[in-house]
Structure formats: structure tokens, C-alpha cells
Amino acid sequence: MTPAAKDANPVLLPRTGSVTLVIPTLNEEASIGDVVRAIPRDVVERVIVADGGSTDATVERALDAGADVIDAGRGYGRACLAAANAAEQAEILVFMDGDGADDPDGIAALIAPIRVGAFDFVIGSRARGAPEPGSITWHQLAAGYLAGLGMRALYGVRYTDMCAFRAIRRDTLLCLGMTEMTYGWNIEMQMRAASAGLRILEVPVPYRCRSGGTSKVAGSLRGTLRAAPRIVATFVRVAGRKRSPDAKVMRERGA
């Protein structure tokens, strides 16, 4: 729990809120069908697969499994933002990867603190969870730890991971002013959420070996080294901004 969570109202008023799940994809034909079919539809009303230009059967298999598919263009962050804009009826957005590593049974635990009004942004932590052997590399854990140290120094918020599995109210996300269209999307969201004074909760989540395909970024040392400059550049750019002038307003609204 972050320091900001101490300001939460002790009287938790039940909230409803339609949930849309966002899955950015790029050539995930081996896993996306099973991922979409495993989504608990008593919790999630809509699944949007934001495809970044797959050249395999990702789109067809996602559609066959019951997802809505949008052509988002290349870039992880661009796909996430395109899906957030497309989810016009959603109150809560959940983000997860399409490789089968995230456990969809954990969606309910991510959205519950938001629905009752206790938190504004809930993020999973693989470092605090129970990852399967071989599912996460040492350099992924190290990157999350180092990023967490930097964000704690800036904002006093304790993060242990940059896990893609996370939930946030749609209107809150759109108020953050996200601009990173590539691999820095996750850390930018975490930084902007902290800067805006959102009530942030990190929860342990299990993590599995990907069910098919190959990792584009963090699953390999080469991919991590390719993404690292963008993530560092995003950190430096966002850190250079002053605390958001909308922070007080967003907290008073409960976002």
C-alpha cells in the first residue's frame, strides 16, 4: 500500500462500473484465443484486442474467441491508448498482455478496490507474487526494482514492478495526459498516477510462462536492452514535469 492510500475514506461506499479489458497484441496467434476465452465474463463486459499490425492469425483468433479487435497501429502505448479511447462505455479499464502469462482470475482482485472507492489505480506485482519458474527473468525483476526506487524518490510511492496487469478508471486515465506511445507506457502511467496524487495499491499477482509465441521485449535480454532507452527516456521526461495541477481535483473527485 502506498502512503497516499492513508487518505482513503474509511467508509467504503459500494460502486458499480462496467469493466473493459484491454489486450495489446502483436503476433500472438499462439496464445490470444485461449487468453480471450479464459476471461471471466461475469466480471468483464467487453474485451478489446488492440492489434499493432500482426502479420499472423492474431486478429482472426481474437475475433473467433469473442473479442472486439481494433487496428491500433504500431507501438505498445499507442495500442493501449487507442483501446482506452474506444472503450466509451467502460468505467474501469483493465490492461493485460496477450501471451497467457497473466492470470485472468486476478482481474476481480484488481477492480474490487476501485469499485468500492478505496483506490484509484491498482497494479499487479509479479515480484511480490508467486511467478512460475522461468516465467520472469532477473533483468525484468531488476528493472522493476530500479524503477521503483526512482519513483519512490520522486513521489514517495512504493512500486516493486512495472507489470502490465493493472486497473484504473477510464476517466482517470484519460485525465493523466498519457503521451508515450511505445514501451514506456507502463512506467509513464505509474509516474503520472503518483504525480496526480492518486490512491495507488499494488497487489501480488501470480505470473505464468507465456503459453505461446516469443517475447518482443522483456522476456529476453536483447529485448530488454532494446526497450531500456525508451523506458529511461520516459522516466527522465516525466520526472522533469512539475506535480500535476489537477492532482487535488482528481483526488477530491475520487477519480
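Everything numeric in this text was worked out from a predicted model, so none of it was measured. Numbers here are sequence positions counted from 1.
Contacts of Asn85 classified as side-chain hydrogen bond (donor to acceptor under 3.5 Å, both in side chains), with partners at least two apart in sequence or in another chain: none. Qualifying side-chain hydrogen bond (donor to acceptor under 3.5 Å, both in side chains) partners for Arg78, counting only residues two or more places apart in sequence or in other chains: none. When the side-chain hydrogen bond (donor to acceptor under 3.5 Å, both in side chains) test is applied to Ser125, the partners found at least two apart in sequence or on another chain are Thr160. In this structure, the salt bridge (charged side-chain N to carboxylate O under 4.0 Å, His left out) partners of Asp68, at least two apart in sequence or on a different chain, are Arg46. Applying the salt bridge (charged side-chain N to carboxylate O under 4.0 Å, His left out) test to Asp102 and every residue at least two apart in sequence or in another chain returns nothing. Applying the salt bridge (charged side-chain N to carboxylate O under 4.0 Å, His left out) test to Glu188 and every residue at least two apart in sequence or in another chain returns Arg192, Arg237. Listed by chain and residue number, Ser18, Val19, Arg115 satisfy the side chain to side chain contact (heavy atoms under 4.5 Å, CB included) test with Glu45 (two or more places apart in sequence, or in another chain). By the side-chain hydrogen bond (donor to acceptor under 3.5 Å, both in side chains) test, Ser135 is found to be paired with no residue, residues two or more places apart in sequence or in another chain being considered. Contacts of Ala67 classified as side chain to side chain contact (heavy atoms under 4.5 Å, CB included), with partners at least two apart in sequence or in another chain: Val36, Val47, Val49, Ala62. In this view, Arg230 and Glu180 satisfy the salt bridge (charged side-chain N to carboxylate O under 4.0 Å, His left out) rule, not counting sequence neighbours.
Proximity of a side-chain donor or acceptor of Arg170 to a complementary backbone N or O of Gln89 within less than 3.5 Å is not detected. Not a single donor-acceptor pair under 3.5 Å links the side chain of Asp120 to the backbone N or O of Arg169.
Val94 is not listed as a side-chain neighbour of Val44, based on a closest heavy-atom distance of 4.5 Å or more. A heavy-atom distance below 4.5 Å is not found between the side chains of Asp161 and Arg128. Contact of the Leu154 side chain with the Val238 side chain is not registered, since no non-hydrogen atoms from C-beta on lie closer than 4.5 Å. Arg208 places a side-chain heavy atom less than 4.5 Å from the side chain of Asp103. In this structure, the side chains of Leu110 and Phe165 come closer than 4.5 Å at one or more pairs of heavy atoms. Within the 4.5 Å cutoff, no side-chain heavy atoms of Val35 are placed close to those of Glu28. Counting heavy atoms from C-beta outward, Arg74 and Leu26 have side chains that approach closer than 4.5 Å. Contact annotation: the side chain of Tyr76 approaches that of Asp97 to within less than 4.5 Å [non-hydrogen atoms, C-beta and beyond].
Within the structure, the salt bridge (charged side-chain N to carboxylate O under 4.0 Å, His left out) test picks out the following pairs touching residues 31-41 (sequence neighbours left out): Asp34-Arg37.
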| task | Evaluate the side-chain contact (heavy atoms from CB on, under 4.5 Å) criterion for residues Ile39 and Met96: first the C-alpha distance (whole Å), next the side-chain angles of each, then the deciding distance (0.1 Å), finally the verdict. | result | CA-CA 11 Å; Ile39 303 305; Met96 67 181 288; 4.0 Å; yes

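Taking each heavy atom of Ala72 and Ala50 in turn, the nearest pair found is CB-CB, 4.1 Å. Summarising the geometry of Pro104 relative to Ala38, their closest heavy-atom pair is CG-O, 3.7 Å, with the distance given to 0.1 Å. Nearest approach of Leu176 to Ala196, heavy atoms of both residues: CD2-CB, 4.0 Å. When every heavy atom of Ile48 is checked against every heavy atom of Ala87, the shortest pair comes out as CD1-CB, 3.9 Å. Across every non-hydrogen atom of Pro24 and Ala79, the tightest pair is CB-CB, 3.8 Å. Of all heavy-atom pairs between Ile136 and Pro131, the closest is CG2-CB, 3.9 Å.
The distance from the CG atom of Leu93 to the SG atom of Cys80 is 10.0 Å, given to the nearest 0.5 Å. Atoms CG and CZ, on Leu21 and Phe95 in that order, are 9.5 Å from each other to the nearest 0.5 Å. Between the CD atom in Gln140 and the OH atom in Tyr207 there is a gap of 5.5 Å [rounded to 0.5 Å]. In this structure, Ile92 CD1 and Asp171 CG are separated by 10.0 Å, a value rounded to the nearest 0.5 Å. Atom CD1 in Ile111 sits 11.0 Å away from atom CD in Glu91 (nearest 0.5 Å). Atom CD1 in Ile231 sits 5.0 Å away from atom CE in Met162 (nearest 0.5 Å).
In this structure, Leu63 is not a member of the same hydrophobic cluster as Ile70, with clusters built from ILVMFWY side-chain heavy atoms closer than 4.5 Å. Val157 is connected to Met178 through a chain of hydrophobic side-chain contacts under 4.5 Å among Ile, Leu, Val, Met, Phe, Trp and Tyr, so both are in one cluster. Linking Ile, Leu, Val, Met, Phe, Trp and Tyr residues whenever their side-chain heavy atoms come within less than 4.5 Å leaves Val203 and Leu141 in two separate clusters.
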Would you give me the side-chain donor-acceptor pairs under 3.5 Å for residues 143-151, sequence neighbours excluded?
none

